[in-house]
Amino acid sequence: AQTVTQSQPEMSVQEAETVTLSCTYDTSESDYYLFWYKQPPSRQMILVIRQEAYKQQNATENRFSVNFQKAAKSFSLKISDSQLGDAAMYFCAYRSARDDKIIFGKGTRLHILP
Amino acid sequence: DAGITQSPRHKVTETGTPVTLRCHQTENHRYMYWYRQDPGHGLRLIHYSYGVKDTDKGEVSDGYSVSRSKTEDFLLTLESATSSQTSVYFCAIGLARNEQFFGPGTRLTVL
């Protein structure tokens with residue numbers, strides 16, 4: 001069965017600095033999708049960024065980018081120029097191309113220090 | 001933007017009572033999902049649906065049932081609520097590009 005592991009339960013970063021959240025996953029498949037979701041205190045789940053496994057190029061969305069290492073099964077999220085509004089719980093997630101279900105990691109709570 | 005609502009948003013109930021949570025979407029998305037979120041566990045899939053009257057179990061389906069008689073509504077029922085079912089429940093719909101869009105969540109407390 002596929003699993004998603006986020007080894008950092010909590011992290012802190014100074015405002016305007018860069019932070020990287022780690023995620024590893026376990027799968028025997030070659031075709032899949034990876035996601036980072038953000039959950040602010042409002043509790044709403046917000047998609048931050050997605051990556052298709054067949055794409056070698058790392059996805060980027062404004063200040064958010066990923067480092068996708070397929071062989072190492074690693075999918076880290078980098079947040080540049082951290083802002084107070086980035087404070088949230090971040091979830092890494094995996095979806096097989098053959099399945100309709102998404103598997104979530106347990107989350108990393110990110111604190112932004114002013 | 002996909003529209004998705006959940007009702008109720010908050011509920012307190014007693015052990016042994018039946019509870020039904022409703023998820024409503026305003027577009028004709030085929031896939032709908034129910035998750036529960038607990039501290040230290042992230043989001044775990046309870047049940048999902050891939051069409052009217054087509055449902056399947058997720059990772060933590062024991063104690064829950066679902067129904068989908070219309071495309072727009074996906075109901076989650078706790079036949080006899082237990083304290084272990086105290087949680088935040090999220091509904092989601094499946095979008096293009098293999099993404100899921102989430103509802104605002106329902107906080108359920110079982111006393």
Side-chain angles (χ1 to χ4, degrees), chain A residues 1-10 21-25 27 29 31-55 59 61 66 75 77 88-110, chain B residues 1-6 8-11 21 23 25 29-51 54-61 66 68 74 87-109:
Chain A
Q2 295 93 352
T3 58
V4 177
T5 302
Q6 294 179 247
S7 59
Q8 306 149 315
E10 286 195 62
L21 280 57
S22 301
C23 173
T24 58
Y25 56 95
T27 184
E29 301 184 4
D31 194 9
Y32 51 86
Y33 308 89
L34 297 164
F35 309 90
W36 278 98
Y37 280 87
K38 169 186 177 180
Q39 187 180 42
S42 67
R43 214 167 59 195
Q44 180 69 48
M45 292 286 289
I46 303 165
L47 179 63
V48 174
I49 200 165
R50 72 193 295 274
Q51 174 81 42
E52 292 89 344
Y54 63 84
K55 289 186 177 179
E61 290 287 343
V66 298
F75 183 60
L77 175 69
M89 182 75 87
Y90 287 82
F91 293 97
C92 179
Y94 165 98
R95 175 177 175 154
S96 166
R98 301 190 302 145
D99 206 339
D100 306 311
K101 297 174 281 189
I102 291 182
I103 300 167
F104 287 85
K106 294 183 179 182
T108 296
R109 183 169 298 282
L110 179 64
Chain B
D1 276 353
I4 180 170
T5 58
Q6 293 184 230
R9 294 292 313 279
H10 303 270
K11 186 171 182 66
L21 307 182
C23 178
Q25 61 159 320
H29 295 286
R30 180 182 173 196
Y31 286 88
M32 299 184 75
Y33 305 81
W34 275 108
Y35 293 88
R36 61 177 290 172
Q37 182 180 20
D38 304 289
H41 289 279
L43 277 80
R44 293 180 292 175
L45 182 66
I46 304 172
H47 282 280
Y48 70 104
S49 169
Y50 44 94
D54 291 324
T55 64
D56 205 350
K57 296 179 179 180
E59 178 187 1
V60 290
S61 59
V66 291
R68 192 163 178 207
F74 191 32
S87 187
V88 178
Y89 291 85
F90 285 95
C91 176
I93 54 179
L95 303 180
R97 289 159 45 89
N98 297 289
E99 299 170 9
Q100 291 185 10
F101 180 80
F102 286 80
T106 294
R107 181 176 294 278
L108 175 67
T109 302

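Numbers restart at 1 for each chain; the letters A, B, ... are given by sequence-line order, proteins then strands. Given the structure is predicted, the values throughout are model-derived calculations rather than measurements.
Atom CG of A:Asp99 sits about 6.0 Å away from atom OH of B:Tyr48, to the nearest 0.5 Å. One distance of note links CG of B:Leu43 with CE of A:Met45; it measures 4.5 Å at 0.5 Å rounding.
In this structure, the side chains of B:Gln37 and A:Phe91 come closer than 4.5 Å at one or more pairs of heavy atoms. Side chains of B:Asn98 and A:Arg50 form a contact here, defined as non-hydrogen atoms less than 4.5 Å apart. You'll find the side chain of B:Pro104 reaches within 4.5 Å of the side chain of A:Gln44, heavy atoms only.
Residues B:Glu99 and A:Tyr37 come closest through the heavy atom pair C-OH, 4.4 Å. The two residues B:Tyr33 and A:Asp100 have their closest heavy-atom pair at OH-O, 2.5 Å.
With a 6.0 Å radius and a threshold of 12 heavy atoms from other residues, nucleotides or ligands, A:Lys106 has its NZ atom at or below the threshold. The 12-atom threshold is exceeded at CZ of A:Arg43, counting heavy atoms of other residues, nucleotides or ligands nearer than 6.0 Å.
In terms of non-hydrogen atom pairs under 4.5 Å with chain A, the most contact-rich of B:Gly58, B:Pro39, B:Gly40, B:Gly105 is B:Gly40.
Proximity to chain A (any heavy atom under 4.5 Å) is restricted, for B:Tyr35, to the side chain, taken from C-beta onward. Of the two parts of A:Leu47, only the side chain, counted from C-beta on, holds a non-hydrogen atom closer than 4.5 Å to a non-hydrogen atom of chain B. With a 4.5 angstrom heavy-atom cutoff, B:Arg107 touches chain A via backbone and side-chain atoms both. In this structure, no portion of A:Gln6 lies under 4.5 Å from any heavy atom of chain B. Using a 4.5 Å cut-off between heavy atoms, B:Leu45 contacts chain A through its side chain alone, with no backbone atom that close.
With sequence neighbours left out, the salt bridge (charged side-chain N to carboxylate O under 4.0 Å, His left out) criterion links B:Asp54 to no other residue.
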